[in-house]
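Here's the structure, in structure tokens; my notes come after.
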Amino acid sequence: MIKVYWPDKLARDIVGRKKYNYLDKEIPKIKKFVLKSSTSISGVPHIGNASDVIRHDALFRALNGMGKPTRLLWVAEDMDALRKVPAGIPPEFRNYLGMPVADIPWVDDKSYSTHFSDLFIESFEDYGVKVECKSTAKAYRSGEFTKGIKTIMKNLDLIKEIWNKSRETPLPANWNPWKPVCENCGKIMTTAVKGFDESGVSYKCEDFKFKEYGKEAYTKLSGCGYEGESKFSDGDGKLLWRVEWGMEWATWGVCFEAAGKEHFMPSSSFWTAGEVCERVFGWPEPHPSENPLQPYGYMTVSGEKMSASKGNVVATWDWPKFAPPQILRLIFLENPRRTKDFSYLKIPQYVDEYDRLQRVYFGEEKIDNERERENLKRLYELIEVEIPEKMPVQIPFSSAAAVSQIYNPKESPEKALNLARRVCGIRKKLSEADKKMILEKRLIVARNWVETYAPQNYGIAIQERVPAEIKRSFSEKQKAALRILCQELETKEWSEAGLENRIYALRDEVGISSKDLFQSIYLALIGEKQGIKAAALICAIGKDKVCGVLKQI
RNA sequence: GGGCCUGUAGCUCAGCUAGGUAGAGCAUCUGGCUUUUAACCAGGCGGUCGGGGGUUCGAUUCCCUCCAGGCCCGCCA
């Protein structure tokens with residue numbers, strides 16, 4: 001029996017679901033399975049935001065794999081107000097607090113939210129994610145939600161009954177879930193509804209106090225005092241969250257949407273929205289309850305939640321510059337319910353894991369246990385951006401990092417490629433496609449990683465002074481070889497290839513083993529028993545520095 | 001104070017929803033590699049499965065409890 005990877009299992013659960021959860025009836029046959037992922041655009045969309053999209057995409061692939069017609073929606077929650085100016089955004093944006101992010105000007109014709117959501121959407125391609133993009137602001141204003149809003153307004157008593165289940169104080173008699181945008185000042189947080197009928201509400205723009213994320217004190221937002229009316233059919237406003245969520249599901253026919261754990265607390269939004277979805281709209285709430293994916297945990301960086309307002313974020317479009325996008329998919333698809341603490345130093349290890357999965361997939365690495373093998377192959381399919389036709393050439397990330405420091409792949413691509421080939425013992429001739437892949441997907445990426453996130457001189461740190469115990473450990477032959485090497489470096493100009501030949505010849509002249517010779521070179525220069533291509537290393541460090549070290553022997 | 005999730009080798013994880021004397025990769029270590037010495041090959045080290053109870057012939061797997069970590073607990077989305 002082959003164990004089914006969680007997206008496949010979840011996909012089967014979704015397809016096999018029979019009944020409503022609040023209504024005693026059967027779910028009609030579903031023609032198209034709609035998955036929804038959404039992101040609130042409070043600032044720079046970061047890799048933590050991508051987790052929701054990537055996990056839904058895995059499920060999307062699983063359903064497609066079952067031959068089920070499926071749509072994957074991604075929704076920008078851009079009718080939501082800006083509640084805090086995130087780190088990295090000019091402080092003047094304080095003036096826009098309380099306005100829908102879709103209405104805040106950026107540069108050119110872009111709004112604050114389209115600026116960020118466009119960048120986010122463009123970056124989806126790097127991760128192999130294809131989605132249909134939606135925006136709540138557009139949906140409200142284009143009339144896409146008008147029918148849903150009307151249904152809500154016809155069923156206010158029922159909605160109050162549902163919502164009151166999770167409240168201590170019941171909603172007041174004149175309560176209405178519509179939140180208008182102030183026609184005068186453009187804020188949505190400051191509008192207080194004063195009355196309503198079946199076509200709209202009347203409101204006054206009043207001062208509003210709220211807590212900014214991470215702050216104890218209340219922030220006061222000034223209302224402009226304007227009194228006006230907001231018609232539901234104009235869509236210049238939004239429904240309160242719990243109601244909005246349920247209405248979205250019904251409007252778009254959503255079968256599944258995972259969300260962060262805060263939505264799944266008892267009496268939290270998922271449950272209210274679900275009941276609204278079924279009892280008000282008659283659409284089955286998206287596959288709820290315990291499942292392998294939800295509620296999912298967030299990504300933390302050194303123990304802190306990654307969030308736009310804290311500023312400890314990596315933008316989704318920056319990640320591929322220093323790590324393969326498949327790695328991010330891997331991190332999010334493994335153990336999805338667990339909170340992930342991330343560190344840049346773990347990247348080489350994750351890349352090794354990815355490479356291994358690729359080898360297993362192409363049968364280059366044998367896994368005896370059939371179940372495990374199938375599992376790993378499936379995981380590879382789900383994390384790969386585009387599955388290659390045949391097994392690609394692999395360069396371990398740590399080797400790539402070392403090579404990229406000796407020859408900067410951006411400045412001398414041919415030299416870096418050559419060295420990488422020799423370091424990794426690749427004999428076959430590389431095709432142009434191989435070269436491009438190794439250069440762009442590995443060497444340049446590794447170099448960026450080293451420059452930005454890795455310890456200085458990752459792997460090729462030359463030691464200024466040779467420690468006494470290392471000197472003492474050298475045999476007479478080793479010392480002799482190093483002295484000769486030093487002398488010849490000083491008196492002659494060497495090419496890398498020439499130097500390599502000379503080192504091997506030296507081995508025979510002095511009469512020591514390759515191991516002893518190479519070990520002494522590496523121990524003297526970098527304090528390690530092994531190292532990368534001695535000749536290349538010496539050339540990269542420069543003969544002056546090398547001789548400075550070797551003279552100490 | 002309450003709720004939910006998580007806790008398996010140094011690291012990342014599998015196994016746990018049909019309970020049967022602990023698994024993988026990476027790292028580390030050892031050996032091999034006479035122009036592939038950070039590649040590659042062979043091998044070793046490494047965990048009383050967070051602690052304690054219980055059910056059972058037998059529990060990492062089921063139940064209870066404690067501990068630790070994460071997240072959440074607003075007429076915010």
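By convention in this document, chain letters (A, B, ...) are assigned in the order of the sequence lines, proteins followed by strands, and residues within each chain are numbered from 1.
Here the C1' atom of nucleotide B/G25 and the CG atom of A/Leu330 are 12 Å apart, to the nearest Å. Atom CD1 of A/Ile188 and atom P of B/A77 are 10 Å apart (whole Å). A straight line from OH of A/Tyr380 to C1' of B/G25 spans 17 Å, rounded to a whole angstrom. Whole-Å rounding puts the A/Asn375 CG to B/C16 P distance at 10 Å. Put simply, CD on A/Glu353 is 12 Å from P on B/A27, counting in whole angstrom units. Counting to the nearest Å, the P atom of B/C16 and the CD atom of A/Glu372 are 12 Å from each other. Between A/Gln519 atom CD and B/G31 atom C1' there is a gap of 12 Å when expressed in whole angstrom units. A/Glu509 places its CD atom 15 Å from the C1' atom of B/U34, with the value rounded to the nearest Å.
Comparing B/C33 with B/U21, their C1' atoms sit 39 Å apart, to the nearest whole Å. For B/G69 and B/U8, the P atoms lie 15 Å apart once the distance is rounded to whole Å. A gap of 15 Å separates the C1' atoms of B/C16 and B/U6, to the nearest Å. Nucleotides B/A22 and B/U48 are separated by 11 Å at their C1' atoms, to the nearest Å. Remark: the separation of the P atoms in B/U60 and B/G51 is 10 Å, to the nearest Å. Going from the P atom of B/A24 to that of B/G44 covers 11 Å, rounded to whole Å. If you take atom C1' in B/C13 and the same atom in B/G47, they sit 14 Å apart, rounded to whole Å. Separating the P atom of B/U35 from that of B/C45 is a span of 33 Å, rounded to the nearest Å.
Of the candidates B/U37, B/C76, B/U34, the closest approach to any side-chain atom of A/Arg83 belongs to B/C76. Proximity note for A/Leu240 (side chain, C-beta onward) versus B/A77, B/A24, B/U12: the nearest is B/A77. Proximity note for A/Lys533 (side chain, C-beta onward) versus B/U30, B/U37, B/A77: the nearest is B/U37. When distances are taken from the side chain of A/Glu334 to each of B/A77, B/U12, B/U37, the shortest belongs to B/U12. For A/Lys515, whose side chain is taken as the heavy atoms from C-beta onward, the closest listed nucleotide among B/C13, B/A77, B/G32 is B/G32. Here the side chain of A/Tyr350 is nearest to one of B/U35, B/C13, B/U37, namely B/C13.
With a glycosidic angle no more than 90° from 0, B/A18 adopts the syn conformation.
Heavy-atom nearest nucleotides on RNA chain B were determined for A/Arg427 and for A/Leu171, and the one closer to the 5' end corresponds to A/Arg427. Annotation: of the two residues near RNA chain B, A/Ile367 and A/Asp516, the 5′-most nearest-nucleotide partner is A/Ile367.
Using a 4.0 Å heavy-atom cutoff across all strands shown, A/Glu244 reaches sugar-phosphate atoms only and no base atom. Using a 4.0 Å heavy-atom distance criterion, A/Asn501 is classed as a base contact.
Between the side chains of A/Thr136 and A/Glu77, not a single donor N or O lies within less than 3.5 Å of an accepting N or O. Side chains of A/Gln405 and A/Arg447: no donor on one and acceptor on the other come within 3.5 Å. Side-chain atoms of A/Glu384 and A/Tyr354 form a donor-acceptor pair, as typed in the model, at a separation below 3.5 Å. At a cut-off of 3.5 Å, with distance as the only test, no side-chain donor of A/Thr39 or A/Asn49 sits close to an acceptor on the other residue. For the residue pair A/Trp178 and A/Ser230, a side-chain donor N or O sits within less than 3.5 Å of a side-chain acceptor on the partner.
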Exercise for review: Verify salt bridge (Lys or Arg N to Asp or Glu O under 4.0 Å) between A/Asp80 and A/Lys238, making sure each step is shown before the conclusion.
Suggested key: CA-CA 8 Å; A/Asp80 292 4; A/Lys238 74 190 290 293; 3.5 Å; yes
Point to revise | Test log, rule salt bridge (Lys or Arg N to Asp or Glu O under 4.0 Å), inputs A/Asp103 and A/Arg141 | key: CA-CA 12 Å; A/Asp103 295 344; A/Arg141 286 171 173 155; 2.8 Å; yes
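A donor-acceptor contact under 3.5 Å is not formed by the side chain of A/Ser514 with the base of B/U34. No hydrogens or angles were tested; on distance alone, a donor-acceptor pair under 3.5 Å links the side chain of A/Gln349 to the base of B/C11.
In this model, the phosphate group of B/U37 is approached by a side-chain N or O of A/Tyr504 to a distance below 4.0 Å at OP1 or OP2. Residue A/Lys346 has a polar side-chain atom (N or O) positioned under 4.0 Å from OP1 or OP2 of B/U12. Between A/Lys529 and B/C29 there is no side-chain N or O to OP1 or OP2 distance below 4.0 Å.
The main-chain N or O of A/Leu239 is found under 3.5 Å from a side-chain atom of A/Tyr140 such that the two form a donor-acceptor pair. Between the side chain of A/Gln358 and the backbone N or O of A/Tyr380, no donor-acceptor pair lies under 3.5 Å.
In summary, of the residues considered (A/Leu417, A/Asp355, A/Ile426), a side chain to side chain contact (heavy atoms under 4.5 Å, CB included) with A/Ile395 occurs for A/Ile426 alone.
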Revision key, fill the gap. Each base of RNA chain B marked ( ) or [ ] if paired in-strand (Watson-Crick or G-U under 3.5 Å), | if paired to another strand and . if unpaired gives ((((((((.[[[[.)....(..]]]].(((((.......))))).....[[[[[..)....]]]]])))))))....
